[in-house]
Amino acid sequence: RIFKNLVLLDLSNCQLTSWQRHIMKLHNLPRLDSLIVDDNAIECVEVMAVEDQSASFSNLTSLHLAGTSISTWTELDQLNSISSLRSLRLRNTPLTNTLGVGEVRSTAIARLPNLEYFNSSPITTRERVEAERRYVSTVSRELLLVSSGVGSVVEDDSGKHAQLFAKHPQFQLLLKKHKDTMLSLANVGNGSSSQGNIGEEIINVTIRSMAAVSCDMEPLRKRLPRSLKVCRIKTMCAKYFRVDIDLQMLHFRAEGDPFPTELDDAEHSLFYYGVNDGAEILVNEIDVEALEKEKSRMLEDHSRRVKEQEQH
């Protein structure tokens with residue numbers, strides 16, 4: 001074997017277009033632990049059967065697919081054939097660009113049961129349970145709509161069910177795992193939409209001020225719907241922590257996540273950002289004086305460069 005000691009391989013931006021033709025050739029590298037194929041036009045992951053099944057990416061734990069051409073979840077389902085895979089990076093693809101950050105993360109966790117990290121952030125046990133239960137509820141609503149024949153001519157239910165199960169290969173396993181969540185489907189059919197039910201899920205959130213004027217105040221502990229927009233959180237923080245809305249910078253972090261995520265769009269909801277039960281929201285205040293100094297420095301630097309160019 002060649003490259004038998006290769007542990008990390010970075011194939012970013014190498015004009016690769018096919019997993020089967022280009023990536024599967026690496027399946028028998030015995031020590032390959034991390035594979036990076038960012039920024040290649042790969043549309044689908046195809047872990048083809050090989051004679052020695054045990055040797056197919058047997059040691060691969062980390063895979064980067066950012067900037068690829070993945071456009072549907074089914075194009076990633078064969079990643080479950082790589083039993084050693086624990087970490088996936090998936091950003092800036094046709095699939096992720098059309099969905100909220102929270103929806104992408106939640107769906108990836110549910111569809112890929114072996115993952116322990118997604119986009120470098122650890123997946124907690126509680127987060128996995130929530131993601132799987134949400135996924136079961138969402139697919140179950142699809143199943144009910146298919147069974148009722150809504151919006152289509154009546155067809156054979158068994159054929160439509162088979163198509164749905166093929167689209168969601170983890171559904172039946174997760175349904176057995178989370179049977180209790182099916183009780184919530186008793187409320188389905190009352191006119192609520194799938195997105196609405198998910199968005200109205202109530203979560204426990206701790207809001208903590210890091211601003212100088214209120215950093216010594218007790219944190220706010222609230223039960224909030226995941227559909228709540230960031231602008232409403234800012235209004236709440238302005239009243240309680242006395243931090244001007246226009247000067248607020250909000251971040252959230254989940255349990256065990258060392259890197260907070262900025263809530264940078266006031267019109268997006270907590271669900272969009274993937275804020276889960278038990279998350280902590282941090283309130284920071286923009287230093288206006290420092291910001292003005294930085295703007296002034298940048299203007300001076302720009303003026304200096306313009307003058308230098310004019311002199312030449």
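Keep in mind that this is a model prediction, so the values were computed, not measured.
The OG atom of S34 lies 6.5 Å from the NE2 atom of H64; values are rounded to the nearest 0.5 Å. Distance check: E127 CD to E130 CD gives 7.5 Å after rounding to the nearest 0.5 Å. A distance of 5.0 Å separates CD in E267 from SG in C231, rounded to the nearest 0.5 Å. Here the CD-OG distance, from E285 to S214, works out to 7.5 Å after rounding to the nearest 0.5 Å. Distance CZ/R105 to CD1/I109: 4.5 Å, rounded to 0.5 Å. With rounding to the nearest 0.5 Å, the separation of CG in L79 from CG in L88 is 6.5 Å.
Listed by chain and number, the residues in a ring-ring contact (aromatic ring centres under 6.0 Å, His included) with H168 are Y135 (sequence neighbours excluded). By the side-chain hydrogen bond (donor to acceptor under 3.5 Å, both in side chains) test, E43 is found to be paired with no residue, residues two or more places apart in sequence or in another chain being considered. In this structure P169 satisfies the side-chain contact (heavy atoms from CB on, under 4.5 Å) test together with D77, R111, sequence neighbours excluded.
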### Task
Show the numbers, then the answer: is there a side chain to side chain contact (heavy atoms under 4.5 Å, CB included) between V101 and T261?
CA-CA 10 Å; V101 177; T261 299; 5.7 Å; no
### Message
Please determine whether side chain to side chain contact (heavy atoms under 4.5 Å, CB included) holds for the pair N80 and L112, giving the CA-CA distance in whole Å, both sets of side-chain angles, and the decisive distance to 0.1 Å.
### Response
CA-CA 6 Å; N80 285 319; L112 301 169; 3.6 Å; yes
### Message
Assess the residue pair L35 and L63 against the criterion (side chain to side chain contact (heavy atoms under 4.5 Å, CB included)); give the C-alpha distance rounded to whole Å, side-chain angles, the decisive distance to 0.1 Å, and a yes or no.
### Response
CA-CA 5 Å; L35 177 61; L63 177 64; 4.0 Å; yes
### Task
For the pair T68 and E75, evaluate side chain to side chain contact (heavy atoms under 4.5 Å, CB included) and give the outcome as yes or no after the intermediate values.
CA-CA 12 Å; T68 57; E75 292 164 357; over 6 Å; no
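When atom types are taken as modelled, the side chain of T107 and the backbone of V104 share no donor-acceptor pair closer than 3.5 angstrom. Between the N40 side chain and the D38 main chain, a donor and an acceptor come within less than 3.5 Å of each other. Checked by atom type and distance alone, the side chain of R128 pairs as donor or acceptor with a backbone atom of L115 at under 3.5 Å. Between the R226 side chain and the V275 main chain, a donor and an acceptor come within less than 3.5 Å of each other. Checking side-chain atoms of S140 against main-chain N and O of V136 turns up a donor-acceptor pair under 3.5 Å.
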What pairs of donor and acceptor atoms, side-chain ones from residues 243-252 against any protein atom, are under 3.5 angstrom apart with sequence neighbours left out?
residue: D244; atom: OD1; partner: D246; partner atom: N; Å: 2.8
residue: Q248; atom: NE2; partner: K234; partner atom: O; Å: 3.0
residue: Q248; atom: NE2; partner: V243; partner atom: O; Å: 2.9

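F241 is not listed as a side-chain neighbour of V213, based on a closest heavy-atom distance of 4.5 Å or more. With a 4.5 Å cut-off on side-chain heavy atoms, P219 and E280 do not count as touching. Contact check for F171 versus E142: no side-chain heavy atoms found under the 4.5 Å cut-off. Within the 4.5 Å cutoff, the side chain of T96 has heavy atoms near those of the L90 side chain.
When hydrophobic clusters are built by joining Ile, Leu, Val, Met, Phe, Trp and Tyr residues whose side-chain heavy atoms come closer than 4.5 Å, directly or via intermediates, L8 is not grouped with L60. F3 and I36 fall into different hydrophobic clusters, where Ile, Leu, Val, Met, Phe, Trp and Tyr residues are linked whenever their side-chain heavy atoms come under 4.5 Å apart, directly or through other members. No single ILVMFWY cluster, assembled from side-chain heavy atoms under 4.5 Å apart, contains both L174 and V129.
A donor-acceptor pair shorter than 3.5 Å can be found between the side chains of T61 and D33. A side-chain donor-acceptor contact under 3.5 Å links D264 and Y273.
Closest heavy-atom contact between L26 and L9: CD1-CD2, 3.7 Å.
Residues in residues 15-25 take part in these side-chain hydrogen bond (donor to acceptor under 3.5 Å, both in side chains) pairs, two or more places apart or across chains: T17-R21.
Atom CZ of R86 sits in a crowded spot, with more than 12 heavy atoms from other residues, nucleotides or ligands closer than 6.0 Å. For F165, the CZ atom is densely surrounded, since the number of other residues' heavy atoms within 6.0 Å is greater than 12.
By the 4.5 Å side-chain criterion applied to Ile, Leu, Val, Met, Phe, Trp and Tyr, M210 is assigned to a cluster that also includes L282.
In this structure, E308 pairs ionically with R304, as a charged nitrogen and a carboxylate oxygen lie closer than 4.0 Å.
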